[in-house]
Trainee: 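Handing you this structure, nothing more for now.
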Amino acid sequence: MEPIRVRFAPSPTGYLHVGGARTALYNWLFARRERGVFVLRIEDTDVDRSRPELAQAILDSLKWLGLHWDEGPYFQSQRLDRYRAVAARLEDAGAAYPCFCSADELQQKRERAAAEHRAWKYDGHCRNLSDADRARQRAEGRASALRFRVPESGATSFDDQVFGSIKLAHSDLEDFVLLRSDGNPTYHLSVVVDDLDMKITHVIRGADHISNTPKQILLFQALDAAVPNFAHLPLILGPDRQRLSKRHGATSVSAYQEQGILPEALVNFLALLGWTPPNQKELLSLEEMVEMFSIEAVSKSNAVFDTEKLAWMNSEYLRHLPLSRLLPLIQRELESAGLWQTAFADKEREKFEKSVTLLQSRARNLKDFSGFGRAFFTDHFEYDPEAVKKFWKDPVLADLLEALAQRLEKLLPFDLESTEKCLRSLAEEKGVKAGVLINGARVALTGQAVAPGLFEVMTTLGQDAVVNRLHRAARFLTEQTAPHSVSPVDSH
RNA sequence: GGCGCUAUCGUCUAGGGGUUAGGACGUGAGAUUCUCAAUCUCAAAACCCGGGUUCGAUUCCCGGUAGCGCUACCA
């Protein structure tokens, strides 16, 4: 039995698209599951649109997702001679012929047909040129492309592993170009040659290639080669059911990375877009996916990319991430937000870890740590106007917070129980509900209406910071009712 | 236009000739409470339409419709 070999073959004309990422994932899962080989190939035969740095970016994204390849990356741009040799062989065998029609001429014919509402396909203008005709054209210095000679009758069919039997009449195919007039191969030639040379047994790719498949099968046959198995994957759509594109927002893996999405969350989410494991489980590690993956279970219909579900899944992974993995991620996040301090790694390490742990349970992505978690890492934060409106409307709060500051300053020990007892007894003495004081203090300590439990916040921040921030808030509140209000950051 | 493919809650999907058509995200209500998140309970929410086949179709077949894809010297 030949070993199973699959490939992922992106073209470096953009960053790794989430659709491409899912294709890569399914290839990877299939390879692992079948103990096969996962080949990576960069399809950069379009010299105008391909960019080397994008190839590198794609590699980086793949690695970030944890989809490591066993072979490659191969670059088609380095195999040009091979494609030309195969093309020559096809031409010698009469399976392909030179076409002298210029791009302009063809374009004109196409437009004319469109204007007359006629279907257009290449009219075979150069299909039956004699050797003398060809010699003459060449003598005139006309460049030629090489076209594949599609059989006039009959049909090509194949058994797609997800879509089932698909059949296409040859009369619906045109004599497609194999070699451009500049001598570079087109996609059809290079995929087939590569899939052949790289002994690919299963071609797993997007459903946008279904229509191309019969052409490629014809090429395999013209080359006397075995035809690989095909499995096409339904497309990923935007919320408007159009193919997912920049118009819909982020489409690249790197964009989600920048949004603070975890790779395992993105992979898990992508896996479920078109595939359900037999046990219906939704939260799956790569290992579990490998265990249960099968191409037959892949859905046939296109799927809408639901960012809400991705967000949920990300928070799910984030909440369960071990601290050892989370800490370096947060360090990077704080660094890019300008909030990182070296002390977090040594002197204040314990406080830093407590802060991260506290924030972890309600964060939806990595950005949240520098966003709503800001007050845990710096004294420079602002009072959210909404929070002020909601919890600081009672005028007695200035006095209450000041009183709280004074009591907490002397409190010993300063822990979960003592701080809570301290606050509640103060509230009772002053005849206010504890909630008023708690919420008011929360805004004072974090600047926000939404934050972790107050006493956890206090013990994490530490006695000094808590007392200072309460003083500061009390001052802010008094000044606010006075004629000239001062911003909280400046007043410190 | 031609050709191809697809069609179950708003979204991702399970299921399959007889089911209260199941789950997840999201949404709504409630519990909890110190705000939010988490958690728990409950709720609303779907088989595109029309013909067949059949005792019985959401399921099988055909047609329609809609959506998507391809229709390049892009991949």
Side-chain angles (χ1 to χ4, degrees), chain A residues 9-13 43-46 48-50 76 99 101-103 106-107 110 113-114 116-122 143-147 160 163-164 166-169 171-174 176-188 190-191 205-215 232 234-235 237 239 241-243 269 272-276 278 280-283 299-313 315-316 319 361-364 372 387 390-391 420 423-424 433-443 446 448-455 457:
Chain A
S11 65
T13 54
E43 308 215 326
D44 54 353
T45 55
D46 184 341
D48 295 330
R49 300 197 305 146
S50 295
Q76 292 192 323
C99 170
C101 300
S102 71
L106 258 14
Q107 186 59 27
R110 228 188 321 269
E116 293 167 15
H117 299 292
R118 282 179 6 246
W120 162 265
K121 66 174 200 181
Y122 175 67
S144 67
L146 190 72
R147 283 184 187 271
D160 191 278
F163 285 95
I166 292 174
K167 184 176 180 180
L168 192 72
S171 56
D172 288 321
L173 250 30
E174 68 173 6
F176 52 96
V177 171
L178 258 23
L179 231 41
R180 301 185 178 92
S181 46
D182 65 4
N184 283 318
T186 62
Y187 165 70
H188 294 299
S190 55
V191 238
R205 68 216 321 184
D208 47 343
H209 288 293
I210 288 180
S211 303
N212 293 326
T213 305
K215 296 180 198 172
H232 288 93
L235 268 19
L237 312 177
R241 300 213 139 263
Q242 300 280 311
R243 197 170 172 164
F269 174 73
L272 261 29
L273 235 42
W275 174 71
T276 325
Q280 296 260 87
K281 220 180 130 186
E282 302 241 357
L283 265 8
S299 155
K300 291 197 248 284
S301 41
N302 296 342
V304 172
F305 191 92
D306 181 5
T307 49
E308 275 303 311
K309 188 155 184 176
L310 205 214
W312 164 77
M313 199 165 269
S315 64
E316 207 59 37
R319 275 194 294 132
S361 59
R362 30 210 109 200
R364 296 205 103 194
F372 81 65
K390 192 173 175 193
F391 291 129
E420 176 155 13
L423 181 143
R424 286 188 189 277
K433 283 202 283 190
V436 173
L437 196 46
I438 288 174
N439 289 324
R442 171 176 294 109
V443 180
T446 66
Q448 291 173 319
V450 172
L454 184 68
F455 306 105
V457 171

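Here is how names work: the chains are called A, B, and so on, in the same order as the sequence lines, proteins then strands, and each is numbered from 1.
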Trainee: Pick base, sugar-phosphate or nothing for Pro239(A), based on heavy-atom distances below 4.0 Å to the nucleic acid.
Mentor: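 Nothing, no heavy atom under 4.0 Å.
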Trainee: Contact class for Phe372(A) (heavy atom, under 4.0 Å): base, sugar-phosphate, or nothing?
Mentor: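 Touches nothing.
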Trainee: Please measure how far the P atom in U19(B) lies from the corresponding atom in A24(B), and state the result in whole Å.
Mentor: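 Taking atom P in both U19(B) and A24(B), they lie 23 Å apart.
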Trainee: Start at the 5' end of RNA chain B and walk down; is the nucleotide closest to Ile166(A) or to Ala451(A) reached first?
Mentor: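 Final value for this comparison: Ile166(A).
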Trainee: Just by modelled atom types, is the Val177(A) backbone N or O under 3.5 Å from a matching donor or acceptor in the Thr186(A) side chain?
Mentor: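 A pair under 3.5 Å: yes.
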Trainee: Check every atom of A37(B), C73(B), U13(B) against the side chain of Arg362(A) and return the nucleotide holding the closest atom.
Mentor: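 From the listed options, A37(B) comes nearest.
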Trainee: Looking at every heavy atom in both Glu420(A) and Phe455(A), which two are closest together, and how far apart are they?
Mentor: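 Looking at all heavy atoms of both residues, the closest pair is CA-CE2, 3.3 Å.
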Trainee: Closest heavy-atom contact between Glu43(A) and Pro12(A)?
Mentor: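 Taking Glu43(A) first and Pro12(A) second, the nearest heavy atoms are O-CD, 3.5 Å.
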Trainee: Between C1' on U11(B) and CZ on Arg241(A), what's the gap in Å once rounded to a whole number?
Mentor: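 Rounding to the nearest Å, CZ of Arg241(A) and C1' of U11(B) are 8 Å apart.
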Trainee: Given A14(B), C73(B), U11(B), identify the nucleotide with an atom nearest to the side chain of Arg147(A).
Mentor: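 Of the options given, the side chain of Arg147(A) lies nearest C73(B).
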Trainee: Please classify the nucleic acid contact of Asn212(A) as base, sugar-phosphate, or nothing, using heavy-atom distances under 4.0 Å.
Mentor: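 The residue Asn212(A) makes base contact.
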Trainee: Under the 6.0 Å and 45° cation-pi test, does Arg147(A) pair with Phe176(A)?
Mentor: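 No, cation not above the ring by the 6.0 Å, 45° rule.
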Trainee: Classify the nucleic acid contact of Glu308(A) as base, sugar-phosphate or nothing, counting any heavy atom under 4.0 Å across all strands shown.
Mentor: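 Contact class for Glu308(A): sugar-phosphate only.
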Trainee: So does Gln242(A) get a side-chain nitrogen or oxygen closer than 4.0 Å to the phosphate oxygens (OP1/OP2) of C68(B)?
Mentor: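 Indeed, a polar side-chain atom of Gln242(A) lies that close.
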Trainee: Measure the CG-CZ distance between Asn302(A) and Arg243(A) for me, rounded to the nearest 0.5 Å.
Mentor: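 Here the interatomic distance stands at 9.5 Å.
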Trainee: Indicate, with a heavy-atom threshold strictly under 4.0 Å, whether Thr45(A) touches base, sugar-phosphate, or nothing.
Mentor: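 The residue Thr45(A) makes sugar-phosphate contact but no base contact.
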Trainee: Have a look at Gly274(A) and say if it touches a base, only the backbone sugar-phosphate, or nothing, with a 4.0 Å heavy-atom cut-off.
Mentor: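 Result for Gly274(A) = sugar-phosphate.
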Trainee: Judged by modelled atom types alone, do Arg205(A) and Thr213(A) share a side-chain donor-acceptor pair under 3.5 Å?
Mentor: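 Yes - a donor-acceptor pair under 3.5 Å links their side chains.
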Trainee: Would you mind telling me which of C5(B), A75(B), U13(B) lies closest to the side-chain atoms of Ala303(A)?
Mentor: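 For Ala303(A), the side-chain atoms sit closest to U13(B).
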Trainee: Base, sugar-phosphate, or nothing: which does Lys390(A) touch, judged by heavy atoms less than 4.0 Å apart?
Mentor: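 The residue Lys390(A) makes sugar-phosphate contact but no base contact.
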Trainee: Would the base of C73(B) count as contacting Thr186(A) through its side chain, where contact means a donor and an acceptor less than 3.5 Å apart?
Mentor: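 Counting by modelled atom types and ignoring angles, no donor-acceptor contact under 3.5 Å is found here.
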Trainee: How close or far is atom C1' of U6(B) from atom CG of Asp208(A), stated in whole angstroms?
Mentor: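 Roughly 15 Å, once rounded to whole Å.
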Trainee: Tell me which nucleotide among C5(B), C73(B), C12(B) gets nearest to the side chain of Ser181(A).
Mentor: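 The closest nucleotide is C73(B).
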Trainee: Which value, in whole Å, describes the distance between the P atoms of nucleotides C5(B) and A37(B)?
Mentor: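 Result for the P pair: 47 Å, nearest Å.
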Trainee: Do the side chain of Arg243(A) and the base of C68(B) come within less than 3.5 angstrom through a donor-acceptor pair of N or O atoms?
Mentor: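 Counting by modelled atom types and ignoring angles, no donor-acceptor contact under 3.5 Å is found here.
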Trainee: Once you round it to whole Å, what is the distance between P of C3(B) and CD of Glu174(A)?
Mentor: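 After rounding, the reported distance stands at 16 Å.
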Trainee: Looking at every strand, decide which applies to Ala449(A) at a 4.0 Å heavy-atom threshold: base, sugar-phosphate, or nothing.
Mentor: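 The answer is base, as Ala449(A) lies within the cut-off (heavy atoms under 4.0 Å) of a base atom.
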Trainee: What does His232(A) touch in the nucleic acid at a heavy-atom separation under 4.0 angstrom: a base, only the sugar-phosphate, or nothing?
Mentor: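 Touches nothing.
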Trainee: Would you classify Cys101(A) as touching base, sugar-phosphate or nothing, given that sugar-phosphate means primed atoms plus P, OP1 and OP2, and contacts are heavy atoms under 4.0 Å?
Mentor: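 Base contact.
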Trainee: Applying a 4.0 Å non-hydrogen cut-off, can you work out what Leu454(A) is touching in the nucleic acid: base, sugar-phosphate, or nothing?
Mentor: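 Base contact - Leu454(A) has a heavy atom under 4.0 Å of at least one base atom.
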Trainee: Checking all strands, does Glu282(A) fall into the base, sugar-phosphate, or nothing category for heavy-atom contacts under 4.0 angstrom?
Mentor: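 Base contact - Glu282(A) has a heavy atom under 4.0 Å of at least one base atom.
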Trainee: Salt bridge between Lys309(A) and Glu282(A), side-chain N to carboxylate O under 4.0 Å?
Mentor: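 Salt bridge present between Lys309(A) and Glu282(A).
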Trainee: Among G4(B), A72(B), G69(B), which nucleotide sits nearest the side chain of Ile210(A)?
Mentor: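 The listed nucleotide nearest to Ile210(A)'s side chain is G4(B).
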Trainee: Of all the choices, C73(B), A7(B), U39(B), which nucleotide is nearest to the side chain of Arg110(A) once you look at every atom?
Mentor: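 Given the options C73(B), A7(B), U39(B), the side chain of Arg110(A) is closest to C73(B).
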Trainee: Using a cut-off of 4.0 Å on non-hydrogen atoms, how would the nucleic acid contact of Arg118(A) be classed: base, sugar-phosphate, or nothing?
Mentor: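 Nothing, no heavy atom under 4.0 Å.
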Trainee: If you assign each of Ser144(A) and Arg442(A) to its closest nucleotide in RNA chain B, which residue comes earlier from the 5' end?
Mentor: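 Looking at RNA chain B, the more 5' nearest nucleotide goes with Arg442(A).
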Trainee: State which of C34(B), A75(B), G4(B) makes the closest approach to the side chain of Ile438(A).
Mentor: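 Looking only at side-chain atoms, Ile438(A) lies closest to C34(B).
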